[in-house]
Every structure is written in C-alpha cells, then in structure tokens.
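Contents: one structure, followed by commentary.
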Amino acid sequence: MRILFIQSILDQETELRVLLALIALFGVGSVFTLLITLIKRQLKINMVLLKKEYEAQIENAVLNFVFNNNEETIADFIQNPNAKKILFQKLAIKYCIVLHQNYSGTIQDKVLDFLTRTHLIEYSRKKLHATFWKHKIEAIRDLSTLKDRNSIALIQEALTNLNQKIAIEAIIALIKFNGIAAVTHLKKFNIIIDEWSQALILSVIKNNKVPYDNQIEVLRNSKNKSLQVLATRIIKFYN
C-alpha cells in the first residue's frame with residue numbers, strides 16, 4: 001500500500017515535470033517566433049528606408065545630368081560606393097526606364113547616354129546571359145525599351161534560345177529596333193509561333209506604329225506554317 005502511494009506520488013511528479021517542460025518549451029517557442037517576426041519586420045523597414053535613400057540619390061543624379069547637363073554628375077555617380085550594389089543598379093535602371101518612357105527625343109537620348117557613361121547599361125546586358133529565363137526576358141525588354149542599339153547583336157543571339165518565350169521576346173525587341181523586317185529572321189529557325197505569340201507580335205507592331213515593309217511577304221512562302229499565318233496576319237493588318 002505504502003509502495004503504491006509512493007509510486008503514485010512519483011507518477012504525479014513526473015507528470016508535473018513533463019507539463020512544466022511542455023509549458024517552458026511552448027514559452028520558448030512563442031518568444032522565438034515573436035523575435036523572428038520582429039526581426040523580419042525590422043528588416044522590411046530597413047529595406048524600405050534603404051530603397052528610399054538609393055532612389056533619392058539616383059533621382060538627383062539622373063535629373064541633374066538629363067535636365068541640367070551637369071557633366072560632373074557622371075563621375076560622382078560612378079564614385080558613389082552604392083553604384084556597384086545590385087539593388088542600387090536595379091533601382092537606377094527602373095528609374096531611367098520610367099523617365100525614358102515619359103519623354104521623347106533628346107531627353108530619351110540623354111537618359112540612354114547617362115546609362116551608357118555610368119556603365120549601368122551593362123547591368124541589363126549581363127542579364128542577357130542569366131540562367132533564369134525571366135531575367136533574360138527582363139533584360140531584353142529593358143534594352144529594347146531604352147532603344148540601346150548597341151545591344152542588338154546580343155539580343156539576336158536570343159533567337160536561338162530553346163525557350164520559345166525568350167526567342168519571341170527577342171523578335172519583339174528586334175521589331176522595335178528594326179521594324180517588321182526583323183520578323184524575317186525567324187525563317188532561319190525551326191520555331192513554331194503559337195497564337196499567343198502571334199498576338200503579342202501584332203500588338204507590338206500596332207502599339208509602336210511600325211511602318212510596313214514588304215520584306216515580310218517572303219514568309220508567305222515559308223515551309224513553316226505558323227510563319228505563313230503570321231505573315232498573312234501582318235500583311236492583312238496593314239491593308
């Protein structure tokens with residue numbers, strides 16, 4: 001009887017210890033979760049503040065060069081210790097693209113000149129060699145939007161990419177550069193232009209008001225049926 005009583009007490013103590021251990025473990029877990037949440041929140045706040053700081057530096061430099069013709073801005077920008085950081089370069093390219101799209105003529109030329117002389121344009125050119133397909137497409141779009149003709153040869157290389165999305169994006173960029181005659185480049189490759197891709201190409205031709213070029217008519221005799229259809233649709237669009 002006595003033994004059973006002692007055993008009961010021991011069992012209760014064990015249960016209590018287990019319970020206390022679980023409570024302690026839960027408490028530690030809750031504190032740990034709270035700390036992680038606070039750290040993540042602070043990191044996000046720090047990132048927002050950092051972006052604002054970078055954007056202010058970028059805006060000041062770009063506008064000073066583009067609108068005030070301040071040549072010293074180029075050297076100051078290159079010497080900026082942040083200029084070699086990926087986030088800074090990404091934000092700078094984004095800002096310049098928006099500025100480029102909002103203006104025309106001389107201002108666009110100045111924006112591209114800024115990117116070239118500060119070597120920021122190399123950020124997008126290097127992305128053409130990225131392994132991730134979305135980065136390649138982003139680079140093609142950025143360079144064609146900025147009308148960087150020195151990147152045409154690099155973009156043409158993307159026509160041979162096995163990823164059709166990249167190849168189509170390359171032909172769209174080349175249309176922006178060289179007109180619809182660029183579509184004839186496709187006859188060299190055994191690529192099937194699906195309905196969605198054809199719609200994209202026609203949309204670019206329409207939105208960019210690309211003038212007609214009778215070179216497109218050679219694709220009517222292509223052995224590639226999808227190219228025949230695309231050529232017919234393009235010709236029909238102009239008639």
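Everything numeric here is computed off the predicted structure, so don't read it as measured data.
A donor and an acceptor atom, one from each side chain of N178 and R149, are located under 3.5 Å apart. Judged purely by distance below 3.5 Å, without hydrogens or angles, the side chains of D76 and T73 never pair a donor atom with an acceptor atom.
Heavy-atom contacts from other residues, nucleotides or ligands closer than 6.0 Å to OH of Y103 number 12 or fewer. When the shell of 6.0 Å around CD1 of I45 is examined, it contains more than 12 heavy atoms from other residues, nucleotides or ligands.
Checked by atom type and distance alone, the side chain of D113 never pairs as donor or acceptor with a backbone atom of D109 at under 3.5 Å. Formation of a donor-acceptor pair under 3.5 Å by the Q108 side chain with backbone atoms of H100 is found in this model. No donor-acceptor pair closer than 3.5 Å links the side chain of E55 to the backbone N or O of L50. Although no hydrogens or angles enter the test, the distance criterion places a donor-acceptor pair under 3.5 Å between the side chain of N208 and the main chain of V204. Between the side chain of N80 and the backbone N or O of N82 there is at least one donor-acceptor pair closer than 3.5 Å. In this structure, the side chain of T145 engages the main chain of R141 through a donor-acceptor pair within 3.5 Å. Looking only at distances, no side-chain donor or acceptor of S197 sits under 3.5 Å from a matching main-chain atom of I193.
Taking CD1 of I201 as the reference point, atom CZ of F237 lies at 13.5 Å (rounded to 0.5 Å). For the atom pair I137 CD1 and L128 CG, the distance stands at 11.5 Å (nearest 0.5 Å). For the atom pair E169 CD and L159 CG, the distance stands at 11.5 Å (nearest 0.5 Å). In this structure, CD1 on I234 lies 8.0 Å from CD on Q198, to the nearest 0.5 angstrom. Atoms CG and CG, from N150 and L143 in turn, are 10.5 Å apart once rounded to the nearest 0.5 Å. Distance check, rounded to the nearest 0.5 Å: CD of Q89 to OG1 of T118 gives 9.0 Å.
Between E195 and R233 there is a salt bridge, since a side-chain N of the basic residue sits under 4.0 Å from a carboxylate O of the acidic one. At a threshold of 4.0 Å, the pair D148-R125 counts as salt-bridged, since one of the basic side-chain nitrogens sits closer than that to a carboxylate oxygen.
Closest approach of A130 to H135, counting heavy atoms only: CB-CB, 3.7 Å. Smallest separation of non-hydrogen atoms from K51 and L87: CE-CD1, 4.2 Å. Contact record, A173 with S144: CB-CB, 3.6 Å, taken as the closest heavy-atom pair. The minimum heavy-atom distance linking I180 with P211 is given by the pair CG1-O, 4.0 Å. Contact detail for F88 and A83: the closest heavy-atom pair is CD2-CA, 3.6 Å. When every heavy atom of I58 is checked against every heavy atom of A92, the shortest pair comes out as CD1-N, 3.5 Å.
I192 belongs to no hydrophobic cluster with other residues, because no ILVMFWY side-chain heavy atom falls under 4.5 Å from its own, directly or through intermediates.
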Contacts under 3.5 angstrom, residues 212-222 side chains, donor-acceptor by atom type, not counting sequence neighbours:
| residue | atom | partner | partner atom | Å |
| --- | --- | --- | --- | --- |
| Y212 | OH | E217 | OE2 | 2.7 |
| D213 | OD1 | Q215 | N | 3.0 |
| S222 | OG | N224 | N | 3.0 |

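Residues meeting the side-chain hydrogen bond (donor to acceptor under 3.5 Å, both in side chains) test with K110, sequence neighbours left out: N69.
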